[in-house]
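For reference, the structure discussed in these notes is given below.
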Amino acid sequence: MIKDDVVVVAGNVLSVSSDVVDPWKEAVISSLLFSRLYANSQADRFAQAQQWYKDYDDALGRLKWELKANRSNDFEPMEGSVIVVKDLIKTQMVDALGSAQAEQFERLMRSIELASSAEMLAAQVGEHAVVKVAVNDIHEASCLALQLCLVGQGPVICSVFVRFDTTQEVDFDFFNQNFMSEHIAGKVSVDVSLRVLNKVSYEKSRMREIIASKLPEAGEIAGA
């Protein structure tokens, strides 16, 4: 049975395939943490989603992660339709990259739903992914800005970022929640990218040491 490591890195849900071993596993986590914290310092991912994701993706590129594929999709849900975050992510990921990551994504969802620590994991993800916002300065809504990454051998990072506003109350199990189109304010935004680490350039540039020198202490990132 395939076993992936599932962690939350500064609010980013991360699934690392078992065939990614140290020291590259450490390089992945450090790169994602740095890129996430950098993007957080440049833009509000709830209010400035496109700029936030651009800053995040640009940071990964500067860390020698080469872009192999990317796709951005903003759309208004059809009247009477339903958005399920889990299905939306899978569909957009497969459309952008093919089905290579679909199986790992399904394992990630099962881990979140079935693991003994599922409640703690979901609570931590929800804390970082959902905030209350004002729509037209009148109505209060929930803004969902969720990022997750699938890491495979290479190492390769498949990153998915989903953002939308809804006047529905966001459930504990928001991955499987039915979000009704009539309650979604504005567009649904989905960004998908695939990056592969240039190991030679990474090592030659001493990126491991550079990233480590710029990351805060563990206690400083708890609320990132």
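Each of Gln147, Arg45, Arg36 was compared with Tyr56 under the side-chain hydrogen bond (donor to acceptor under 3.5 Å, both in side chains) criterion, and only Gln147 meets it. Screening Asp4, Asp5, Val6 for a side-chain contact (heavy atoms from CB on, under 4.5 Å) involving Ser111 leaves a single residue, Val6.
Taking the six-membered ring where the residue is Trp, the centroids of Trp52 and Phe46 are separated by 6.0 Å or more. Annotation: Phe174 is not in aromatic contact with Phe179 [ring centroid separation under 6.0 Å not met].
For Arg62 and Phe34, the positive end is not near the middle of the six-membered ring at less than 6.0 Å and at most 45° from its axis.
With respect to the salt-bridge test (charged N to carboxylate O, under 4.0 angstrom), the residues Glu106 and Lys90 qualify. Taking a cutoff of 4.0 Å between a charged side-chain nitrogen and a carboxylate oxygen, Glu203 and Lys64 do not qualify as a salt bridge. For the pair Asp57 and Arg195, the salt-bridge criterion is met [side-chain N within less than 4.0 Å of a carboxylate O]. Taking 4.0 Å as the cut-off between side-chain N and carboxylate O, Asp74 and Lys187 do not count as a salt-bridged pair.
A side-chain N or O of Asn73 and one of Gln92 form a donor-acceptor pair less than 3.5 Å apart. Between the side chains of Ser72 and Tyr53, no donor-acceptor pair is found at a separation under 3.5 Å.
A heavy-atom distance below 4.5 Å is found between the side chains of Val84 and Asn178.
In this structure, CG on Leu150 lies 6.5 Å from CD on Gln101, to the nearest 0.5 angstrom.
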